[in-house]
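Structure record follows, encoded as structure tokens.
Throughout, residue positions are numbered sequentially from 1 according to the sequence presented. Side chains included, hydrogens not; waters and symmetry mates left out as well; all remaining heavy atoms used.
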Amino acid sequence: GFLDGQASPQDSLAFLLDHQVMLYVWYFVLYLVGGIALVSLVLGVHHRLRPGAAGLSHTAAVIGHLWAGLLLASGLVALAGQRAVVDLAATDPAMAASTWSSISVVQTALGGGIEIVGAAWVLLVSVAGIRSHLLGNALSGLGLGIAVAGAWTLVPPAVTYAAPLFGLGLIVWFIWIGIILLRPSRRT
């Protein structure tokens, strides 16, 4: 019920009320810490790719920073909305459920329902990696696949399968690109 505030707003609200601290920590880490960490990753990737694919690297950096901003905004909406809904639930549970449903739509739109901005960043980084030979073809190929999965989240029937592929694929891709960025560049 929590994951789909539209199908069952009351169940989603009940889950929120029963797990307030866990959800607050989840949103804080996933969206705020993750968004801030993404800024550093975007800068590191841009620095690594700039010598071999300057134009793509600059474009990717802009898209990556937009994605980080959307993640931060999504987290702030979720955290502020959670607090408001918890307070409202004490006096008007029906309004709290409706409000939580509305907040979940905004929060999801900003940072998690449709993954096109993240997919665009991974796509641009992967293409730049292929053109510059600075990230390795295997990592760049994985990035292309992840970007396709993220783009498929635009198609409502596909989101059930595409979103987990995008998210889980990103975990592997983030770890792998982090390892590559920690190594000295071959062009330095």
In this structure, OG of S132 is separated from CZ of R48 (nearest 0.5 Å) by 10.0 Å

Check: F28 and V25 side chains under 4.5 Å, non-hydrogen atoms:
no

* Is a side-chain N or O of S126 found less than 3.5 angstrom from the main chain of V122, in a donor-acceptor match? -> yes

In this structure, CH2 of W26 is separated from OH of Y31 (nearest 0.5 Å) by 8.0 Å

Can you hop from I171 to F166 via hydrophobic side chains spaced under 4.5 Å? no

Correct closest heavy-atom pair for L38 and G64 would be CD2-O, 4.1 Å

If you count every heavy atom of other residues, nucleotides or ligands that lies below 6.0 Å from M95 atom CE, does the total exceed 12? no

Value for CH2 (W100) from CD (Q82), rounded to nearest 0.5 Å, stands at 5.5 Å

### Message
Are V172 and L41 connected into the same hydrophobic cluster when the rule is that any two of I, L, V, M, F, W, Y join if their side-chain heavy atoms are below 4.5 Å apart?
### Response
yes

Rounded to the nearest 0.5 angstrom, the CD1-CG distance for I177 and L182 is 11.0 Å

Indicate, with yes or no, if V117 and V159 share a hydrophobic cluster defined by side-chain heavy-atom contacts under 4.5 Å among Ile, Leu, Val, Met, Phe, Trp and Tyr. no

So CD of E115 and CH2 of W121: to nearest 0.5 Å the spacing works out to 13.0 Å

**OP:** Return yes if some donor-acceptor pair links the side-chain N/O of T108 with the main-chain N/O of V105 below 3.5 Å, else return no.
**Re:** no

Tabulate below the donor-acceptor pairs under 3.5 Å that side-chain atoms of residues 139-146 make, not counting sequence neighbours, or state none.
| unit_1 | atom_1 | unit_2 | atom_2 | d |
| --- | --- | --- | --- | --- |
| S140 | OG | G136 | O | 3.0 |

Original post:
Does a sphere of radius 6.0 Å around CH2 in W173 hold more than 12 heavy atoms from other residues, nucleotides or ligands, not counting ones at 6.0 Å or beyond?
Top reply: yes

Output for pair (L79 CG, L23 CG), nearest 0.5 Å, gives 10.0 Å

Consider only side-chain heavy atoms of I, L, V, M, F, W and Y, link residues closer than 4.5 Å, and tell whether W67 and L181 are in one cluster.
yes

- Message: Grouping I, L, V, M, F, W and Y whenever their side-chain heavy atoms are under 4.5 Å apart, do V148 and L56 come out in a common cluster?
- Response: no

